[in-house]
There are 2 protein chains.
Amino acid sequence: MTRQTNPDYLNGVPELLVLQLLARRPMYGYELVRAIEQTSGQVLEFGEGCIYPVLHRLEKEGHLASRRETVAGRSRVVYRVTAPGRKRLAGRLAVWRSVVAAVDQVLQGAQHAKSAVS
Amino acid sequence: MTRQTNPDYLNGVPELLVLQLLARRPMYGYELVRAIEQTSGQVLEFGEGCIYPVLHRLEKEGHLASRRETVAGRSRVVYRVTAPGRKRLAGRLAVWRSVVAAVDQVLQGAQHAKSAVS
DNA sequence: TGCCATACCTTGAACCACGAGGTATATCTC
DNA sequence: GAGATATACCTCGTGGTTCAAGGTATGGCA
């Protein structure tokens with residue numbers, strides 16, 4: 001009960017951030033987990049158990065492509081965004097912005113959004 | 001797969017909006033569903049199957065209080081926010097804003113938040 | 001040698017929005 | 001007055017997703 005751990009409001013956010021970060025430059029899973037953590041100032045902390053499944057799913061859907069790389073004896077799976085992936089990113093980004101705008105509208109207004117007039 | 005219906009990013013949003021709308025004035029369930037739909041410009045469409053459970057849970061937790069009302073032969077359950085409810089609203093609002101800020105930070109920045117030089 | 005950080009992965013549980021379905025009354029239409 | 005529509009309440013089952021925890025393996029450091 002109570003569910004006091006993490007804040008929520010996060011549904012779909014991992015995928016959005018993964019796509020955006022990878023659109024900037026190819027990265028590997030462990031790196032992504034750290035990048036999200038640091039860049040958000042520790043506000044967003046998606047574990048590996050969240051990020052890896054997202055990566056695998058996106059790759060299976062054709063939105064990401066992966067390539068194995070070995071650096072200093074360590075094997076990494078580096079992901080990059082494909083063309084369909086960029087389209088998906090654009091879509092998810094638009095949805096995110098519209099949702100945030102809609103929530104803010106309900107939070108603030110409510111009185112003026114009724115039916116134009118005033 | 002597919003899951004193309006609604007955008008997501010919505011986890012916990014219904015509770016936030018319900019608390020905020022009720023903090024403005026008491027309302028009943030059906031009215032809340034409509035209000036959210038209209039005010040958000042049809043972007044957010046939480047069904048009754050989403051709102052009613054939220055209302056019941058919040059009331060059970062003491063964040064809402066209800067009162068039966070009969071208008072034109074129609075029975076309504078009107079909810080209002082309690083003092084603990086207002087505290088919860090403040091908290092959820094703060095979390096929402098911090099999450100949105102964090103997501104935007106990751107979406108935009110990332111290059112300057114790294115660690116200076118490379 | 002032992003420990004920690006890196007780097008990958010899977011599994012199980014919990015949660016939540018959603019759709020579909022169910023009841024009942026008032027009003028509007030034909 | 002018969003039927004459809006709108007109001008108003010409610011519950012249940014499903015599916016997707018985040019999260020915590022655990023599991024494997026290698027390299028660097030003390």
Side-chain angles (χ1 to χ4, degrees), chain A residues 1-18 26-38 40 43-61 64 66-79 92 95 99 102-103, chain B residues 1-18 26-38 40 43-61 66-79 92 95 99 103:
Chain A
M1 69 215 72
T2 54
R3 174 93 171 102
Q4 202 64 3
T5 51
N6 248 26
D8 278 50
Y9 304 130
L10 301 174
N11 227 319
V13 168
E15 180 187 322
L16 176 65
L17 297 187
V18 163
M27 298 171 83
Y28 51 97
Y30 197 74
E31 197 183 3
L32 280 163
V33 172
R34 296 296 164 86
I36 292 174
E37 213 172 293
Q38 288 183 14
S40 72
V43 175
L44 306 176
E45 305 201 32
F46 305 115
E48 306 170 24
C50 173
I51 296 301
Y52 283 122
V54 168
L55 289 173
H56 300 156
R57 200 195 72 231
L58 286 174
E59 182 176 23
K60 205 174 67 181
E61 292 168 350
L64 296 181
S66 70
R67 165 175 56 96
R68 268 210 117 78
E69 203 175 67
T70 301
V71 175
R74 287 225 181 73
S75 182
R76 297 167 175 171
V77 183
V78 180
Y79 293 90
R92 301 302 285 173
V95 169
V99 166
V103 170
Chain B
M1 68 208 74
T2 55
R3 177 82 168 108
Q4 202 64 2
T5 51
N6 248 25
D8 278 50
Y9 306 128
L10 300 173
N11 228 320
V13 169
E15 180 187 321
L16 175 66
L17 297 187
V18 162
M27 296 173 84
Y28 51 97
Y30 197 74
E31 195 183 4
L32 281 163
V33 173
R34 295 297 163 87
I36 292 174
E37 212 173 295
Q38 287 183 16
S40 73
V43 175
L44 307 177
E45 305 200 32
F46 304 114
E48 306 170 25
C50 172
I51 296 300
Y52 283 122
V54 168
L55 288 172
H56 300 155
R57 199 196 71 230
L58 286 174
E59 182 176 23
K60 206 173 68 182
E61 293 169 350
S66 71
R67 164 175 56 94
R68 267 210 116 76
E69 204 177 66
T70 302
V71 175
R74 288 225 182 72
S75 182
R76 296 167 177 171
V77 183
V78 179
Y79 292 90
R92 299 304 283 173
V95 170
V99 166
V103 170

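Lettering follows sequence order; numbering is per chain, from 1. All values below come from the heavy atoms of this structure, side chains included, with hydrogens, waters and symmetry mates left out.
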Open item on the list: Base, sugar-phosphate or nothing for A:Arg74? Non-hydrogen atoms, less than 4.0 Å.
Closed with: base
TODO: May I have the step-by-step check of salt bridge (charged side-chain N to carboxylate O under 4.0 Å, His left out) for A:Glu15 and A:Arg57, ending in yes or no?
DONE: CA-CA 10 Å; A:Glu15 180 187 322; A:Arg57 200 195 72 231; 2.4 Å; yes
Task: Minimum-distance nucleotide (side-chain atoms of B:Arg76 versus D:dA8, C:dA17, D:dT18) - done: D:dA8
TODO: For A:Gly29 and for B:Pro53, locate the closest nucleotide of DNA chain C by heavy-atom distance; then report the residue assigned to the nucleotide nearer the 5' terminus.
DONE: A:Gly29
- [ ] Grab the CD-P distance between B:Glu15 and C:dC15 for me, whole Å please.
- [x] 13 Å
Task: Separation of atom CD in A:Glu69 from atom P in D:dT26, rounded to whole Å - done: 19 Å
Task: CD-CD distance between B:Glu45 and B:Gln38, expressed to the nearest 0.5 angstrom - done: 11.0 Å
TODO: Have a look at B:Glu48 and say if it touches a base, only the backbone sugar-phosphate, or nothing, with a 4.0 Å heavy-atom cut-off.
DONE: base
TODO: Please work out if B:Arg68 contacts a base, only the sugar-phosphate, or nothing of the nucleic acid, heavy-atom cut-off 4.0 Å.
DONE: nothing
TODO: Under 4.0 Å between any heavy atoms, over every strand shown, what does B:Arg34 touch: base, sugar-phosphate, or nothing? Just pick one.
DONE: sugar-phosphate
- [ ] Report the nucleotide, chosen from D:dC9, D:dC10, D:dT17, that has the shortest atom-to-atom distance to any side-chain atom of B:Tyr28.
- [x] D:dC9
Open item on the list: Output the rounded distance in Å from OH (A:Tyr52) to C1' (D:dG22).
Closed with: 15 Å
Task: Side chain of B:Asn11 (C-beta onward), nearest among D:dC19, C:dC16, C:dA7 - done: C:dC16
TODO: State the CZ-CG distance between A:Phe46 and A:Leu17, to the nearest 0.5 angstrom.
DONE: 6.0 Å
Task: Whole-Å distance separating the CG atom of A:Leu32 from the C1' atom of C:dC8 - done: 13 Å
TODO: Please state whether the phosphate of C:dC8, meaning OP1 or OP2, lies under 4.0 angstrom from any side-chain nitrogen or oxygen of A:Tyr30.
DONE: no
Open item on the list: Heavy atoms from C-beta onward define the side chain here; which of C:dC9, D:dT18, D:dC9 lies closest to that of A:Pro14?
Closed with: D:dT18
Task: Residue mapping more 5' on DNA chain D - nearest nucleotide basis, B:His56 or A:Gly49 - done: B:His56
Open item on the list: Is the shortest side-chain heavy-atom distance between B:Ile51 and B:Ile36 below 4.5 Å?
Closed with: yes
